[in-house]
Q: 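Once you've had a glance at the structure underneath, I'll fire off some questions.
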Amino acid sequence: MFKVGDVCVKIAGRDAGKTCVVVDTLESGLVLVEGATRRRKCNTRHLEPTGKSLDVKKGASHEAVMKALGLEPVQRKPKKAGEKPRVQRKATASGAPGTQERKAPKKGAAGKAAKPKAEPAGEKPAKAAPKKAAKRPADAQE
Amino acid sequence: MVSGRFKSRTYARSQVRTPGGGNVLRHTLRKPKKAHCASCGNVLAGVARGRPAQLKKLSKTQRVPTRPYAGTLCSPCSRKKLIEKARQQQA
Ligand SMILES: [Zn+2]
């Protein structure tokens, strides 16, 4: 069915609705597709032929296909781009001001939590319930 | 005593076993109904269901499929629509 150079529209997946050109036909029955979509193997069920065909060599590059389609080639970033933000995050987390701020409230919270717990336990166990309710007003209404 | 707003059935109810061994009625806001296809009315697969605050906690890809018309059309209906569009462009 599909020959090299046929212009199609992808129907399924995240590239659906984008035009592409068949660049190669594979033995498995799949088709290699290039254009406004990503360059990828594709089931012919997921393609809708437009009836047009272009002069494109087998295994043509992205730029050659986009020229033939009359579109501007998309500049795709290399996959190494993920390294930069990771380094920045580590720097902020290990920085001195961040750690100090985090430590300080933890100590204060622990001290506050310990004191009220100790007091009602000494007086009466029944007092624990209303204190819990006071923390969550929504529960008290139920 | 139950608060007045909880007496109507706008809130969903659930029995919860407390750590102390008691059994308590909890009132929570109901989930919205499942998303349906705009053209055929079938329930949409892969569309997250919950209150807006809960949905915001999910990643973008967990909320809705990464397809055009995702969240409004089911996959067969979106396929039909895309095929129609492709054939209109031919003519
Ligand atoms: Zn549908």
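Throughout, a chain's letter reflects where its sequence line sits, starting with A, and its residues are numbered from 1.
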Q: Of all the heavy-atom pairs spanning A/Ala16 and B/Pro68, show the shortest one and how long it is.
A: O-CG, 3.2 Å
Q: Considering non-hydrogen atoms only, spot the tightest contact between A/Val9 and B/Ala86 and give its length.
A: CG2-CB, 3.8 Å
Q: Can you confirm whether A/Glu72 is buried at CD, in the sense that more than 12 heavy atoms of other residues, nucleotides or ligands lie under 6.0 Å from that atom?
A: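 No, not enclosed.
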Q: Give a yes or no on this: more than 12 heavy atoms of other residues, nucleotides or ligands lie within 6.0 Å of atom CZ of A/Arg39.
A: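 More than 12 heavy atoms, drawn from other residues, nucleotides or ligands, come within 6.0 Å of this atom.
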Q: Side chains of A/Glu48 and B/Arg79, heavy atoms from C-beta outward: is any pair under 4.5 Å?
A: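 Of all side-chain heavy-atom pairs linking B/Arg79 with A/Glu48, none is under 4.5 Å.
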Q: Should A/Val7 and A/Leu47 be regarded as members of a common hydrophobic cluster, given that ILVMFWY residues are connected when their side-chain heavy atoms come within less than 4.5 Å of each other, either directly or indirectly?
A: no
Q: Quick one: does A/Ile11's side chain get under 4.5 Å of B/Ile83's, heavy atoms only?
A: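 Side-chain contact under 4.5 Å: yes.
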Q: Is the number of heavy atoms from other residues, nucleotides or ligands within 6.0 Å of CG (B/Asn23) greater than 12?
A: yes
